[in-house]
Each structure stands twice: as C-alpha cells, then as structure tokens.
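Below is one structure, written out as structure tokens; the observations come after it.
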Amino acid sequence: MRRVVVTGMGAITPIGLNVEEFWNSVKEGKTGFGEVTYFDTADYKAHLAAEVKGFNAKDYMDFKAAKRMALFSQYAVAAAKEAMEDSGLDMNAEDPFRVGCAVGSGIGSLQVVEQEHQKLMEKGPRRLNPLMVPLMISNMAAGNISIQFGLRGKNINVVTACASGTNCIGEAFRSIQCGDADVMVAGGTEAAISPVGLGGFAALTALSASTDPKRCSIPFDKERDGFVMGEGAGILVLEELERAKARGAKILAEVVGYGATADAYHITSPIEDGSGAAKAMEMAVAEAGITTDELWYINAHGTSTHHNDLFETNAIKNVFGEHAKEMKINSTKSMIGHLLGAAGAVEAITCVKELQEGFIHETVGYQVPDEDCDLDYVTNGPEKMDIKYALSNSLGFGGHNATLLLKKY
C-alpha cells in the first residue's frame, strides 16, 4: 500500500475563517456560540447556534461563481482554496486526472429548498429558480471544488450524515493507497442553520435548549442536553508520500489508519455497547500496525447528547481497556458546536495541529462530572503532551461510524 500524507489544510469555522485563526481560537478556548441571527427563533425550542461570522464569498471566488453556489458550497470552495494554496500544488504542472476530490455534506442546502418551496406555494412552479437543483444537492460542494481548481480525477461525495467529512477523508486515503489518484482534496462542509434545520433537529430532541452560551455544548458533562448546530467547512489535501517528497512539499502529518462500520441498530441512537464505533477504532489501529497502548489521544465525536457521549465512552473502554483511563480525550464541538457533515473534517485538522504542536485542547465548558462518563476529557485547561498518534471519531445518524488515525510526521 502507498503511504498517504497531509500537505495542505483549509478551514471556515465559527471561530476562524482560516486554519490559523481557527487554531489560535482553539488554543485560547474561544467558543462560537450565540443567539441565531439568520431568522427569528422565538417559537423554536433551540435558540443558540455557532454561526460563521464575517464570511464573504467574493473574498474567495468571483461574483458569478458565488451566485451559482449555495452557502455550503461556498464554504467548501473557500476552505479548498486555502488548502490548495497551503499545499503548494500547481495544477498547471499536474496531470489533472490524477488529482481528485472527496468532499461531503450531510444535508446540502436547506435554505434553497425553503426559498424555492415558498416561491412554489406563492407564485407557482414557473417561478422556480432554474438552478434550484444544482444549488441544493449535496454533491455540488465536490463538484464546485473540481470546477474551480481543475481537478479531473475521482470526484465523490460520501454522505453519511455527521460522519460524512471523516468518511470522505478515509475514502480519499483509500483512493491514493490503491492508486486511483495521487492527490485528493478531501473533507466536509455544511450550512444548515435554517428554519427547517433548527426546527427539525429540535423536533428530534437532538438540540440543546440552553440559552447560556457558556453551558450549551458541554460534551461529557452530566448536564448536557443536546448538541448545538454549527456550520463551516474543513478541507485537507492528501497526497502520496513519495511524490510529495519529490516536489518538496511540506508534510503536515501522515494518515495511517481508517475504519468504517455500521451499528445496524437504530436510525438516530448509537448502539448502547458502543460496539460499532469500537470496531471502527480497532480497524484504524490495526491498519496502522500499532498496539492500543501506543495511542494516548482521541478527538471524540463528543456531541453533548446523552446517548452519544455515554456510548462513545463505552466504545473507548471496549477498545482500550484499562489504558482508556490514562488517555486524553477531548471534543472540539465544545467550542464550535456540531458542524454535521463538516465536523469530522474540521476535527481532523485539529488533530493535525495537535500532533504538530504537542498541544491537546480543553473540552471547554465542562463543569459537572458524570459518573458514567469517567475518562479524562481534558477539562482543567489544555495540556502540553508530545503525542505520536491522534485518533478522530465520527458517528452519524443511520448508525454510521468512521475513525481516522493520524501520525506525527
């Protein structure tokens, strides 16, 4: 199997519009939670979200291109632009058919659906936007990235709800390993803070009803009551190791393991014993050729819902046994909320930065210990720790489990 490394990263998040801004905010323990500003939430159960602030698509692409993209695609293209520039790839010197794209979105554009449905009801079908379908469908993030940057290789959009970003990076990793591509632009994007999005997740009782920005997304805390919707995009450039070295690329980390499983249990709840997530972690560790005792850090899915945090804790214990109590486990969602299809991609970027700097961020906002969630969730401030490996978990509605294992290069 060919070795695969990360040579570029880009991010649009609620606490930073590029990787440097995002990472500096993470190190400061900054959070992106506040009252929803996109629409009136007076009648909603949930009132807080982690919105992206200050984003202007024209800063990343021309006006005409931006007009033909919904917000989730704009976020993806913006993050991809940063990642491509960070990687130093010159597409004029590349075989475009060897450079692919795997970027997922769990939902696509609810905003376009809402706007066009209103037109349909009020003015009839002849007034619908001719671009309605290509604006809303979830594969258009990957499609628009390929168009913007001339990527003519494998172009896929893995949709596994909240595991989409992680699965896309994993499948991009596989594509390079087996020779389908030499370079893959991979990650996830989401922009679902809309009336239907907020209302739908709240109706499912998945969202926090908290009105306190400091006590809303509190993974592993006994008082957790649901996740907070976030938005944004995370993009990584993955590349075959030898070609990256040959062109003098700066190598940020190596991807050494990937596991993907299903719970086959319930449409929204993870299986109670955590066996599906556990198997995904086991597969990633086995592929890396290491023992469980060599791994000291996990970036958890950690959504701040009762079931996820409990069952993910069970899964970690199942895999790592007594060693689990010695490990450092944190949740980036404590600062940026749940980015749905983009969550795993932004969290993978977090892992790369933590490997590079030996810095494990705090799970922010944690106050009340839960006797059933009894591991070390890094709750007393960030920790400096030289780590060689970082494991990143994502779990999606439908029972999707995905795990990436990254190694310091």
* Structure fact -> Distance col, row F359:CZ vs I387:CD1, nearest 0.5 angstrom, shows 11.0 Å

* side chain to side chain donor-acceptor pair (under 3.5 Å) between S275 and D273: does it pass, once the steps are laid out? -> CA-CA 5 Å; S275 55; D273 63 4; 2.8 Å; yes

* Asked: Side chain of Q177, backbone of V4: donor and acceptor closer than 3.5 Å?
  -> no

* To do: Assess the pair F220 and Y366: is the distance between their ring centroids shorter than 6.0 Å?
  => no

* Going through the checks in order, is the side chain to side chain donor-acceptor pair (under 3.5 Å) test met by E294 and T291? -> CA-CA 6 Å; E294 292 178 79; T291 65; 3.3 Å; yes

* Asked: Which heavy atom in S194 sits nearest to a heavy atom in Q111, and how many Å separate them?
  -> CB-CG, 4.1 Å

* Taking all atoms of both residues into account, what is the closest heavy-atom pair of S138 and V159, and its distance? -> OG-CG2, 3.6 Å

* Looking only at atom types and distance, does a side-chain atom of S164 sit under 3.5 Å from a main-chain N or O of G104, one as donor and one as acceptor? -> no

* Do E272 and N314 pass the side-chain contact (heavy atoms from CB on, under 4.5 Å) test, and can you show the C-alpha distance, the side-chain angles, and the key distance before you say yes or no? -> CA-CA 8 Å; E272 293 182 21; N314 291 342; 5.9 Å; no

* What distance do H323 atom NE2 and W296 atom CH2 have between them, rounded to the nearest 0.5 Å? -> 5.0 Å

* Nearest heavy atoms of D309 and T313, plus distance in Å -> O-OG1, 2.7 Å

* With no hydrogens and no angle check, is any side-chain donor or acceptor of D263 less than 3.5 Å from a backbone partner on I271? -> yes

* **Nearest-0.5 Å distance, CD of residue E223 to CD1 of residue I218** => 6.0 Å

* Structure fact -> What one should report as the nearest heavy-atom pair of P270 and H307 is CD-CB, 4.4 Å

* Are R247 and D90 within salt-bridge range, i.e. N to O under 4.0 Å? -> no

* Asked: Could you walk me through whether S175 and K154 pass the side chain to side chain donor-acceptor pair (under 3.5 Å) check?
  -> CA-CA 8 Å; S175 297; K154 175 186 280 192; 2.9 Å; yes

* To do: Would you check if K333 and F227 make a side-chain contact, meaning some heavy-atom pair closer than 4.5 Å?
  => no

* Sole residue of V364, T363, N299 in side-chain contact (heavy atoms from CB on, under 4.5 Å) with T332 -> N299

* **R215 side chain reached by Q367 side chain, heavy atoms, under 4.5 Å** => yes

* Under the 3.5 angstrom rule, does the side chain of N167 hit a backbone N or O of A402 as a donor-acceptor pair? -> no

* More than 12 foreign heavy atoms under 6.0 Å from NZ of K279: is that the case here? -> no

* With side chains defined as the heavy atoms from C-beta onward, is the minimum distance between N330 and E354 less than 4.5 Å? -> yes

* Asked: For atom CG of N56, is the number of surrounding heavy atoms from other residues, nucleotides or ligands below 6.0 Å larger than 12?
  -> yes

* Take L310 and R224 through the side-chain contact (heavy atoms from CB on, under 4.5 Å) test and state the conclusion after the steps. => CA-CA 11 Å; L310 174 59; R224 66 192 184 275; 4.1 Å; yes

* Cationic N near anionic O, under 4.0 Å, R174 to E287 -> yes

* To do: Check each of K245, K408, K407, R3 against E254 using the salt bridge (Lys or Arg N to Asp or Glu O under 4.0 Å) test, and report the only one that passes.
  => R3

* Structure fact -> Smallest heavy-atom separation, A50 atom then G337 atom, equals CB-N, 4.5 Å

* Donor-acceptor pair between S210 and S208 side chains, under 3.5 angstrom -> no

* Taking all non-hydrogen atoms of both residues, which atom of E231 and which atom of P14 are closest, and how far apart? -> O-CD, 3.4 Å

* So do the side chains of R243 and R98 get within less than 4.5 Å of each other, counting heavy atoms only? -> no

* **Passing option when I329 is tested against I360, L391, D376, I316 for side-chain contact (heavy atoms from CB on, under 4.5 Å)** => I316

* Any side-chain heavy-atom pair from I169 and Y258 closer than 4.5 angstrom? -> no

* May I ask you to decide if D86's main-chain N or O and K250's side chain share a donor-acceptor pair within less than 3.5 Å? => yes

* Counting distance only, does the side-chain N/O of E21 pair as donor-acceptor with the main-chain N or O of L17 below 3.5 Å? -> yes

* Rounded to the nearest 0.5 Å, how far apart are CG of L339 and OG of S394? -> 11.0 Å

* Asked: Out of curiosity, C351 SG to L406 CG, how far, rounded to the nearest 0.5 Å?
  -> 6.0 Å

* To do: Would you check if the side chain of E383 reaches a backbone N or O of V378 as a donor-acceptor pair within less than 3.5 Å?
  => no

* **Donor-acceptor under 3.5 Å (E240 side chain, I176 main chain)** => no

* Asked: Should we count NZ of K325 as having more than 12 external heavy atoms under 6.0 Å?
  -> no

* Using a cut-off of 6.0 Å, state whether more than 12 heavy atoms not belonging to N380 lie near its atom CG. => no

* Can you find a heavy atom in the side chain of Y389 that is under 4.5 Å from one in the side chain of I290? -> yes

* Where the side chain of R68 meets the backbone of A65, is there a donor-acceptor pair that is under 3.5 Å apart? -> no

* Among T41, L207, L198, V36, whose side-chain contact (heavy atoms from CB on, under 4.5 Å) with H47 holds? -> T41

* Asked: side chain to side chain donor-acceptor pair (under 3.5 Å) between T37 and E51: does it pass, once the steps are laid out?
  -> CA-CA 8 Å; T37 64; E51 297 176 346; 2.6 Å; yes

* To do: With rounding to the nearest 0.5 Å, note down the distance linking CD1 in I145 to OG in S73.
  => 8.0 Å

* **Mutual orientation of the aromatic rings belonging to F201 and F397 [parallel < 30°, tilted 30-60°, perpendicular > 60°]** => tilted

* Does any N or O in the side chain of S105 come within less than 3.5 Å of the main-chain N or O of T189, such that one atom is a donor and the other an acceptor? -> yes

* In sequence, state the C-alpha distance, the side-chain angles, and the governing distance for E82 and I235, and then conclude on side-chain contact (heavy atoms from CB on, under 4.5 Å). => CA-CA 8 Å; E82 182 189 4; I235 301 292; over 6 Å; no

* **Verdict with supporting geometry, K214 and T31, side-chain contact (heavy atoms from CB on, under 4.5 Å)** => CA-CA 8 Å; K214 294 183 178 178; T31 62; over 6 Å; no

* With the side chain counted from C-beta on, respond yes when Q115 and S109 share a heavy-atom pair under 4.5 Å apart, and no when they do not. => no

* **Flag side-chain contact, heavy atom, 4.5 Å: L375 against K317** => yes

* In terms of heavy-atom contacts, does CD of Q356 have more than 12 from other residues, nucleotides or ligands at under 6.0 Å? -> yes

